[in-house]
Amino acid sequence: MITIINVRPLETAIDFSATTESKVVPVDFGFSKELVRTLYKSFDQKLIPLSS
């Protein structure tokens with residue numbers, strides 16, 4: 001799930017929530033964490049971050 005919130009004029013916050021559900025193995029082996037990192041990198045290339 002991606003949540004995008006307008007905090008102030010010209011300032012937007014983006015939040016990610018990622019979970020992997022499996023009936024066989026209840027662990028995603030870091031897939032969700034890597035997915036969120038990839039999404040943040042993609043947004044950083046397209047948007048101007050206020051701080052790092």
Side-chain angles (χ1 to χ4, degrees):
M1 177 183 348
I2 301 174
T3 306
I4 302 173
I5 301 169
N6 188 10
V7 180
R8 295 183 191 113
L10 304 176
E11 185 176 336
T12 303
I14 301 173
D15 185 45
F16 297 101
S17 176
T19 58
T20 303
E21 293 183 16
S22 173
K23 293 180 182 180
V24 178
V25 181
V27 180
D28 72 353
F29 300 105
F31 175 77
S32 297
K33 184 177 181 179
E34 190 58 37
L35 175 62
V36 170
R37 284 183 181 173
T38 302
L39 291 170
Y40 271 121
K41 286 179 186 178
S42 177
F43 275 106
D44 283 345
Q45 292 173 357
K46 294 174 176 51
L47 303 174
I48 301 168
L50 288 176
S51 62
S52 299

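Everything numeric here is computed off the predicted structure, so don't read it as measured data. When reading the values below, keep in mind they use all heavy atoms of this one structure, side chains included, and skip hydrogens, waters and symmetry mates.
Each salt bridge (charged side-chain N to carboxylate O under 4.0 Å, His left out) pair with one or both residues in residues 2-15, not counting sequence neighbours, appears once here: Arg8-Glu11. Applying the salt bridge (charged side-chain N to carboxylate O under 4.0 Å, His left out) definition to pairs two or more places apart or across chains, none involves residues 33-43.
Contacts of Leu10 classified as side-chain contact (heavy atoms from CB on, under 4.5 Å), with partners at least two apart in sequence or in another chain: none. Ser32 meets the side chain to side chain donor-acceptor pair (under 3.5 Å) test with Thr20, Asp28; sequence neighbours excluded. Residues passing the ring pair (Phe, Tyr, Trp, His ring centres under 6.0 Å) test with Phe16 are Tyr40, Phe43, sequence neighbours excluded.
By the criterion of side-chain heavy atoms lying less than 4.5 angstrom apart, applied directly or through intervening Ile, Leu, Val, Met, Phe, Trp or Tyr residues, Ile4 is grouped together with Leu35 in one hydrophobic cluster.
Looking only at side-chain heavy atoms (C-beta outward), Leu47 and Ile14 come within less than 4.5 Å of each other.
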